[in-house]
Undergrad: 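Mind having a look at this structure? Questions to follow.
Both backbone and side-chain heavy atoms feed into the values below; hydrogens, waters and symmetry mates do not.
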Amino acid sequence: MDDSLEGLSPMDEDLVETDDRKRKRNGSIDSTLQWSQWQLLDSILPTGGFAHSFGLEAAIQARLVSGPDDLKSYIIDLLDNTGSLLLPFVYSSTMNPTLENWQKLDRILDATLSNEVGRKASISQGSSLLRVAAAVFTEIPSLKSMRDVCVGSGSGVVSFHHAPVFGLTCGLVGIDSGSSQRGFMFVTMRDVISAATRLNIVGPMGAAVLQHQMAPVAEALSQKWMDRPLEDASQTAPLLDTIQASHAYLFSRLFCS
Amino acid sequence: MEKGKVVVEKVGPSDTDAVWIYSLTYGGGIVSGDSISVEFTVGDGCTAVLTTQASTKVYKSMGSKCSEQVLEARIGSGALFALIPDPVTCFSTARYSQKQVFRVVSDSSLVIVDWFTSGRHESGEKWDFEHYRSTNHIFSEGDQPVFLDTVLLEQGGATRIAERMHDYQVIAMVIIYGPKLKHVQDQVQENVKKMMSQQLYVPSTRLGHHAKTNSDHCLTRPAFIASCSVFGPKEAIPIGQG
């Protein structure tokens with residue numbers, strides 16, 4: 001209980017600026033960080049996530065997904081796989097956002113993403129994210145310098161995979177590893193649901209409703225798969241992996257992957 | 001732990017001389033708690049095939065014990081190693097883990113088939129095992145990772161394994177790697193592309209106002225789904241999945 005309120009009448013209490021109110025007005029360091037966090041998770045950030053359907057378009061054309069119920073199962077399988085396969089990379093890069101660790105994670109992930117479609121999508125999103133992050137978070141010069149080192153050293157050294165870049169950015173911006181890993185699950189869910197609306201599986205309002213309904217599952221999966229070591233990275237949806245890789249065979253397609 | 005060693009000498013040139021090795025388990029299957037470890041070295045210019053006599057059956061787990069198989073293979077220069085076993089079939093409640101590590105040099109060739117079925121589906125066991133994990137790693141000189149893959153299927157996850165598999169009963173991964181197999185790689189890529197292009201199409205319900213007279217036909221899933229991806233250092237080294 002705030003001591004400055006002692007002896008005051010209820011009406012006078014409102015006129016006194018308590019420490020608590022002062023904090024809310026000025027904003028703590030944590031509050032400023034929230035603005036960066038919101039910006040990183042906002043779909044308006046130009047990282048090109050909208051170009052990828054995470055295998056959904058191929059799944060529809062293989063008649064594995066035809067309506068909202070199938071879509072829900074698909075998203076759960078996708079998030080489960082994202083958690084088990086990619087969260088270890090996000091975790092490691094957030095906890096240790098150095099050039100050396102990032103390059104190591106990128107190399108390992110490149111050998112792990114044997115699915116060509118998924119691999120290219122990861123590279124495309126990761127490159128865009130790092131380019132944007134380096135330009136946006138100018139108070140963190142290492143984002144730009146790390147990027148410049150790797151762009152300059154020619155192809156093959158770093159592929160700019162999404163999960164390590166996402167974790168690296170969060171780590172350098174100051175976002176904690178729990179939020180970083182949840183954030184990665186969130187952007188995956190956000191993008192696949194967005195793809196679903198453009199593929200006419202669900203309408204925009206239905207998509208919003210679905211996204212909220214899935215939040216508890218997404219949270220449960222984030223908790224299940226977060227904070228795990230790299231050696232444990234595994235895929236849990238081999239059918240989904242096969243289907244995503246077949247995206248290249250689609251005659252007519254809306255998405256890159 | 002029992003240990004043994006077998007050495008097979010090369011008899012002729014590698015285009016005519018291939019050593020076929022059949023791995024047999026005592027009793028015909030893998031029992032809860034079994035742990036089998038094999039090390040292979042394929043010398044320079046040699047060709048070896050490792051296969052099985054029948055599908056590997058993994059029996060039910062007793063007291064949550066996991067059975068495992070570990071394979072470590074070193075493949076020399078100009079050598080070819082083909083690992084082409086029958087599929088693994090895990091019975092209801094089985095717990096199984098396998099790890100296969102391949103160490104290659106720049107001109108090694110490798111064929112790896114890793115596949116597993118849903119179980120004894122005639123007895124109604126479809127994706128009824130408790131735990132299945134299969135790891136395949138390929139490292140080139142200097143321990144550089146070329147291919148790292150682990151498939152993990154566990155009951156009690158977000159969805160039942162059977163649901164995740166959408167009525168498909170077998171999953172297979174085929175890795176075709178190395179200079180001796182270029183023509184096979186090209187052929188496989190070609191064939192998978194041809195096959196899948198026919199299987200994938202925008203379902204007519206998506207087109208909205210066109211009435212379908214034969215709805216079931218249009219919405220049946222493909223009996224077989226496959227995809228083929230290139231991986232590894234800039235040379236084409238396809239992996240087919242189905």
Undergrad: Quick check: are there more than 12 heavy atoms from other residues, nucleotides or ligands sitting under 6.0 Å from CZ of R228(A)?
TA: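 Yes, the 6.0 Å shell around CZ holds more than 12 heavy atoms from other groups.
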Undergrad: Is the side chain of S92(A) donor-acceptor paired with the backbone N or O of F89(A) at a distance under 3.5 Å, no angle test?
TA: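 No: the side chain of S92(A) does not pair with the backbone of F89(A).
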Undergrad: Using non-hydrogen atoms only, which part of L153(B) is less than 4.5 Å away from chain A: side chain, backbone, both, or neither?
TA: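 L153(B) touches chain A through side-chain heavy atoms alone.
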Undergrad: Does F139(B) have more than 12 heavy atoms from other residues, nucleotides or ligands lying within 6.0 Å of its CZ?
TA: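 Atom CZ in F139(B) is crowded, with more than 12 foreign heavy atoms closer than 6.0 Å.
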Undergrad: According to the interplanar angle, ranging from 0 to 90°, do the rings of H162(A) and F184(A) count as parallel (below 30°), tilted (30 to 60°) or perpendicular (above 60°)?
TA: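 Tilted.
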Undergrad: What residues of residues 156-168 of chain B make heavy-atom contacts with chain A at a cutoff under 4.5 angstrom?
TA: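 G157(B), A158(B), T159(B), R164(B), M165(B), H166(B), Y168(B), listed by number.
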Undergrad: Which atoms of A233(A) come close to chain B, meaning under 4.5 Å heavy atom to heavy atom: side chain ones, backbone ones, both, or neither?
TA: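 Only the backbone of A233(A) comes within 4.5 Å of chain B.
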Undergrad: So does R198(A) have more than 12 non-hydrogen atoms from other groups sitting under 6.0 Å from CZ?
TA: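 Result for CZ/R198(A): enclosed.
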Undergrad: A58(A) versus chain B, heavy atoms under 4.5 Å apart: side chain, backbone, both or neither?
TA: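 A58(A) touches chain B through backbone heavy atoms alone.
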Undergrad: Can you tell me which portion of R119(A) sits under 4.5 Å from chain B's heavy atoms? Options are side chain, backbone, both or neither.
TA: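 For R119(A), the side chain is the part near chain B, not the backbone.
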Undergrad: Does R190(A) have more than 12 heavy atoms from other residues, nucleotides or ligands lying within 6.0 Å of its CZ?
TA: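 Yes, because the 6.0 Å sphere around CZ of R190(A) holds more than 12 heavy atoms from other groups.
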Undergrad: Heavy-atom distance under 4.5 Å between the side chains of D227(A) and Q181(A), does that happen here?
TA: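 Answer yes - side chains close enough.
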Undergrad: Among D80(A), I76(A), N81(A), L64(A), which has the most heavy-atom pairs under 4.5 Å with chain B?
TA: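 Most pairs with chain B among the choices: L64(A).
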Undergrad: Taking atom CD of E100(A) as the centre, report whether more than 12 heavy atoms of other residues, nucleotides or ligands fall under 6.0 Å from it.
TA: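 Atom CD in E100(A) is not packed in, count stays at 12 or less.
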